[in-house]
Amino acid sequence: MSSSLDTKRLPPGAVLVVGAGLAGLYLALKLAPRPVFVLTSRRSTVGAASAWAQGGIAAALSPDDTPESHAADTIAAGDGLVDPIIAKILSEEGPARVHDLAEMGVPFDRDDQGRLYLSLEAAHSMPRVARVKGDTAGREIINIMVKKVQTADHITGLIGWRAESLLTDGYGGIAGALARRDDGALLGIEADITVMATGGIGGLFSVTTNPRTARGDALGMAAVVGAKMRDMEFVQFHPTAIDVGRDPAPLATEALRGEGATLTNSDGVRFMHRYHEQGELAPRDDVARAIFAEIQAGRQPFLDCREAIGTHFDKEFPTVFESCMKAGIDPRTQLIPVSPAVHYHMGGLATNSVGQTSLDGLFAIGECSATGLHGANRLASNSLLEAIVFGGRAAAHINNMQISPKRATTIRSQPWLSMTKGVSEGLRQAMTLKCGVRRNANELNELISYIDELIHQVGRANPLVTSRIIAAAALAREESRGGHFRDDFPDMKEPARSSFLTYDYLY
């Protein structure tokens with residue numbers, strides 16, 4: 001490595017975790033007593049998307065439910081691309097992981113008999129979503145995880161640093177990461193095992209429910225050193241972001257529709273049954289496209305919770321209630337204006353069932369990974385479960401593997417200037433307009449050319465690399481499936497195939 005960099009060599013066998021959401025923190029705890037170093041910017045400690053999850057965590061937790069039923073619903077929602085082995089792992093191991101969270105102190109909602117209160121969400125065949133204080137599951141779970149991590153002797157926080165690129169060992173493996181502090185200082189962190197747990201890509205779009213810092217950095221930095229990507233074109237648009245001009249857009253959880261809330265337009269007409277036989281409980285991508293179609297037709301969509309939730313809104317869904325009230329909307333008596341927003345990325349770094357990527361020494365878990373669990377469309381409330389099931393599996397594998405020492409020799413990614421606000425905002429607008437709910441070849445080609453111009457200006461910044469891969473994958477998939485809808489190819493093609501590509505494929 002360059003002698004101009006400050007360097008930190010982690011102890012032999014130590015694990016560098018990049019990201020401090022649920023997947024990264026759960027893995028860090030389960031790696032005990034192995035030394036773990038968690039790299040996160042200060043903003044990430046309060047901006048992890050896991051903390052924003054409202055609906056809850058899905059698992060077969062009731063006597064009437066089965067892992068087989070949960071797996072079947074997951075496979076159906078994924079529109080032909082879910083790996084059934086991965087879905088089976090999630091559904092079978094999920095209940096034990098949820099009970100593990102409860103033992104850690106997560107205060108799941110329960111009935112008078114002490115049984116978990118389970119709610120119904122779209123595309124689930126029965127109620128199976130465990131909630132915490134109505135709609136605060138993500139925040140409560142993260143709070144517990146942070147407290148556990150802060151008191152764990154084997155975990156060290158590297159706070160205030162943002163990973164910028166991966167260090168390579170000269171043999172095709174990964175040997176840590178290069179991190180940058182807000183004041184521009186650089187630190188090379190050498191590690192035998194590096195785990196990416198950085199979350200999603202919503203910050204690449206102008207309308208999103210994700211933190212603006214969720215810009216696919218892990219995908220960009222891994223792509224330029226040769227990591228294989230999977231299903232990058234599949235982006236889930238949550239149908240009911242609260243349309244009040246905030247960035248990020250506050251979320252009106254799917255659980256509201258599970259409790260009976262309805263969708264109406266500015267003409268006062270319920271419209272979902274014109275688009276899908278399951279109405280308000282149709283899969284997210286169908287609901288998002290229906291709402292988008294109403295917007296295009298000049299009919300503002302609204303979520304009507306007045307009868308289904310009514311006076312109990314502030315107690316059952318306090319997060320949504322607070323967001324509405326801050327915008328001057330009382331959801332107990334008024335309609336909530338809604339719009340589709342980028343919510344989740346089904347694609348990511350291709351991994352196996354224990355988080356291993358195509359590069360030696362590099363693992364990925366959580367939303368930045370792609371195991372084949374979500375296929376073309378993630379089933380509601382499977383994201384928190386994925387984080388703990390596959391975070392736990394990765395930890396168990398790392399603890400049982402023979403770890404070879406790694407020393408960094410090169411940083412293959414080119415130096416690049418920090419993205420200015422203008423470049424970032426231009427990218428976000430372009431991604432929403434040309435790679436959003438509806439796509440076509442003309443607009444995707446225009447988007448790719450625009451991103452190439454930005455790369456020429458500022459270098460291979462991680463958000464630009466990730467955006468280009470998403471757009472190229474969307475252009476290559478000449479069909480409509482799950483979260484990916486093409487105006488010029490509205491039908492599905494069979495057989496269903498996942499897409500795998502590397503950054504070199506793009507040029």
**Asked** Is the closest basic N to carboxylate O distance between R428 and D247 below 4.0 Å?
**Response** yes

**Prompt:** Crowded around L433 CG? As in, over 12 foreign heavy atoms under 6.0 Å?
**Reply:** yes

**Prompt:** With a 4.5 Å heavy-atom cut-off, do L101 and M145 have their side chains touching?
**Reply:** yes

**Prompt:** Between the side chains of Q236 and D285, does any donor sit under 3.5 Å from an acceptor?
**Reply:** no

**Message:** One pair to check against ring pair (Phe, Tyr, Trp, His ring centres under 6.0 Å): F234 and H374. What are the steps and the verdict?
**Reply:** CA-CA 9 Å; F234 293 110; H374 305 303; over 10 Å; no

**Prompt:** Just checking, is any N or O donor in the side chain of Y26 or D100 under 3.5 Å from an acceptor N or O on the other one?
**Reply:** yes

**Message:** So that I can tick it off, tell me whether K406 and E190 are bridged by a salt bridge, with the cut-off set at under 4.0 angstrom between side-chain N and carboxylate O.
**Reply:** no

**Asked** Taking atom CD1 of I89 and atom CG of D83, what is their separation to the nearest 0.5 Å?
**Response** 8.0 Å

**Prompt:** Roughly how far, to the nearest 0.5 Å, is the CG atom of L384 from the CD1 atom of I141?
**Reply:** 5.0 Å

**Message:** To the nearest 0.5 Å, what is the distance between CG on D169 and CD1 on I174?
**Reply:** 7.5 Å

**Prompt:** Minimum heavy-atom separation for N382 to H70, with atom names?
**Reply:** OD1-NE2, 2.9 Å

**With H238, the side chain to side chain contact (heavy atoms under 4.5 Å, CB included) member among T208, V207, L251** = L251

**Prompt:** Thinking salt bridges, do E233 and R439 make one under a 4.0 Å N-O criterion?
**Reply:** no

**Message:** Before you tell me yes or no, could you show the steps for N462 and R215 under side chain to side chain donor-acceptor pair (under 3.5 Å), namely the whole-Å CA-CA distance, both residues' side-chain angles and the distance that decides it to 0.1 Å?
**Reply:** CA-CA 8 Å; N462 294 321; R215 304 185 304 173; over 6 Å; no

**Message:** Checking E93 against R393 for the salt bridge (charged side-chain N to carboxylate O under 4.0 Å, His left out) test, could you report, in this order, the C-alpha distance in whole Å, the side-chain angles of both residues, the deciding distance, and whether it holds?
**Reply:** CA-CA 10 Å; E93 297 183 12; R393 288 176 65 84; 2.6 Å; yes

